[in-house]
Structures are given as C-alpha cells and as structure tokens.
Amino acid sequence: METKFKKIKEEALKEIKAIKNSDDWQKIRDKYFSRKNGELAKLLKDIKEVSEDLKPKLGTLANQLKTEIAKALEQKEGEISSKKETDLERDFIDVTLEIEKFKLGHLHPLTQVQNELEDIFKSMGFMILDGPELESDYYNFEALNIPAWHPARDSQDTFYIESKDKLVLRTHTSPVQIRAMQKYGAPLRCVVPGRVFRNEATDASHDHTFYQLEGLMIDKDIAITHLVAIMKEMLSAIFKKEVKVRLRPGYFPFVEPGFELDFGCLICQGKGCPICKQSGWIEFVGSGLVHPNVLKYGGIDPKKWSGFAFGLGLTRLVMMKYRIDDVRLLQSGDLRFLNQF
Ligand code: PHE
C-alpha cells in the first residue's frame, strides 16, 4: 500500500510539472481530486478495506499525499497566471503601424466656422440658441416691427407656406430675438446660428438657402460702441488678426438706429479687388439698437433696458475666410469641393 502511495505521488508531481495551461491544470486537478473517480478518492476507498490497525497510519499518509499534491497544483496555478501577463505583454499592438486607410468624413466648412463663432461668443457670455426654420408670419415679420403693409416685406423674397396659421420659411434668424426675449427676459446675451431661406434667383452670390448668425444683447445702457467692440473681437478671433470695421447707416424696421457693418477686405488689405468690388470693404452685418417696439413685443420694458442686435452673414463669412467665389458650391454636396476643407 505504501509503495502505491509513493507511486501516485511521483506520478502526480511529474504530471503537474508538465502542465502548460489552465486546461491541462484543470484536467490534472480533476484526475486527483474528483470526488467520484479521483485517484485520492479511490485511495481512500482502498484504505477502508485494510485491517483496522493499519488504518490510522495509512490515513495520515493519505492526508499528507493530498496536501502535497494540492500544494504543487496551487504553485502551478500561480505560474500559469503570471505567465498570462507576459503573454499579454507579448501580444502588444503597435498602433503606430500603417493600416489600410479608409476615408472618414469631416465637418462642412459652414459648420466649422459656426462652431468657431459659437466658441467665441460663448467666451463672451452669450448663450447659443436655436429656433424653428418654419416660422410664423408673426415672429418672422409682425413682432419685428414689420406689419403686413410694410414695404420691407417686399425686399425679403419670402417662401410663404399654404397653411391656416400663416407660416413662412424664415427669411432671417431675427425671429429668434423675440422668442429669446419672451423666454429669458432681460438682461440677455444670445447668438442664434441657423439656416434661412429666400426666394432668390440664384447666381454666384445669391442662394435660396443660406446661413446667418443672429446676435442679441440686452442690458442697462447698451450703446452701439458695445456692438462695434464685440464685432471687432469676433472678427479678429475668426481671421486671427486685427480687422477694421466701419458702420454705415442701414435700414431695418426692428432696429433704431440701424447700421450696415462692413469689415476691411482681407484679400487686398483695403486696396480694392474683385471680391470687395474694388471698395476695400466687405458688407457683412446688419445691426443696430433694438427698436423699442421690438422690446415690447418681447415683453421687455424699453424704458429700463436697451440692447443691440446684429444679423451676420455666416455664409458670406465662410466664403471670405476660404475665398470661395460661388455660393452655390456650399450646398452642392460636391465632394471635389468639400474635400478641400
Ligand atoms: N435680419 C436682418 C437681415 O437678415 C439683419 C439684421 C439683424 C439687422 C439684426 C439688424 C439687426 O438682413
């Protein structure tokens, strides 16, 4: 019996030594420790058969054997798991290796500039707002001090939608001025980037769909100098150099006084070129101090508060920044054009 013990021990230790992975480990463990057919279980059964006086000695030996095999198995388990770590290290992937290239898309140039503008205005404490593209006649015109009879309506070639609530494709982002005032009250700082629509005969510089960025700041004692400062700040951030601006009188029913704000042409540095139509200036923003009637439509007391508003041609800014000479390219979806940005 004792030689049998010895044989089992030698064999087990040999087998454990040869284990290479966790599957082998499990097999060997079962071979010895399985309750039903394991070698150790069998051994205990054999002990039952021997005479009573031999039992205690054999029992002790059996326990010793069990502990030794278990210990060897445990040690092996440790070796296997630490080996796994080194395997992991060996399986290291070199992410700098060339792989087959596939093309990812990228943001449209209009979106890129819009994102930049949003960051600039956010840094000056402006909220970024949104409004509906299908707008009511009331918000698009009426509440902006443009009643139905007003000739200013004629200059905005509007797409009217057949509906009982008088809907239009918004002709500018200005209706969101009213929506913002009604929702947030004064003081208020917001910009509204968005798509606008006009029934234009399209050519290189006119499209039926284009982008604007509306700005509105309402506070105590707001003056046009605040507007000029903010425009200069914004243009310098976009073009990464100091940009000159000038104001000309301009007429928009929802501001009083109203201005056209131009910036110095960056292509010819003000000397005159085809892009600025030889004037040295690029027409760019409609602006002014918010008309008291408009503040009232927005639910704000014009005796307490004043504000400036501007509507910036985002499409035109993109064209200027990237020197794009045909506005229609922007909406064309033509990859030969878009891939340049
Ligand atoms: N909404 C005007 C336009 O589209 C621009 C503008 C906005 C003018 C705000 C003044 C104040 O032409």
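Atoms within each ligand, like the ligands themselves, are counted from 1 in listed order. One is the number of the first residue; the rest follow in order along the sequence.
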### Message
Tell me whether S174 has any N or O atom under 3.5 angstrom from an N or O of ligand 1.
### Response
yes
### Summary
If you scan protein heavy atoms around atom 6 (C) of ligand 1, the nearest is G286 O, 3.6 Å
### Check ion pair R29-E74 (N to O, under 4.0 angstrom)
no
### Query
Between D137, T171, N140, which is the residue that forms a side-chain hydrogen bond (donor to acceptor under 3.5 Å, both in side chains) with R153?
D137
### Task
For F254, take its heavy atoms, then give the atoms of ligand 1 lying under 4.0 Å from any of them.
1 (N), 2 (C), 6 (C), 7 (C), 8 (C), 9 (C), 10 (C), 11 (C)
### Summary
Tested for salt bridge (charged side-chain N to carboxylate O under 4.0 Å, His left out) against E135, the lone hit among R195, R179, K166, R170 is R179
### Message
Using a 4.0 Å cut-off to any heavy atom of S287, which atoms of ligand 1 qualify?
### Response
8 (C), 10 (C), 11 (C)
### Task
Below 4.0 angstrom from a heavy atom of Q212, which ligand 1 atoms are there? Numbered from 1 as shown, please.
3 (C), 4 (O)
### Message
Among all protein heavy atoms in this structure, tell me which lies nearest to atom 12 (O) of ligand 1, with the distance rounded to 0.1 Å.
### Response
F252 CE2, 3.7 Å
### Task
Determine, stepwise, if the pair I19 / I80 fulfils side chain to side chain contact (heavy atoms under 4.5 Å, CB included).
CA-CA 9 Å; I19 290 176; I80 293 173; 3.7 Å; yes
### Task
Scan side-chain atoms only and decide if T209 and D207 contain a donor-acceptor pair under the 3.5 Å cut-off.
no
### Query
What do you reckon, does E214 have a nitrogen or oxygen under 3.5 Å from a nitrogen or oxygen of ligand 1?
no
### Message
Using side chain to side chain contact (heavy atoms under 4.5 Å, CB included), reason through T111 and H108 one step at a time and then give a plain yes or no.
### Response
CA-CA 5 Å; T111 314; H108 192 282; 3.6 Å; yes
### Query
Of all the atoms in ligand 1, which lie at a distance below 4.0 Å from a heavy atom belonging to R198?
3 (C), 4 (O), 12 (O)
### Summary
Among G215, G311, P253, closest by heavy atom to atom 5 (C) of ligand 1 is G311
### Message
Determine whether F159 and V168 satisfy the following criterion, side chain to side chain contact (heavy atoms under 4.5 Å, CB included), listing intermediate values before the conclusion.
### Response
CA-CA 6 Å; F159 289 113; V168 299; over 6 Å; no
### Query
What atoms in ligand 1 come closer than 4.0 Å to a heavy atom of Q177?
9 (C)
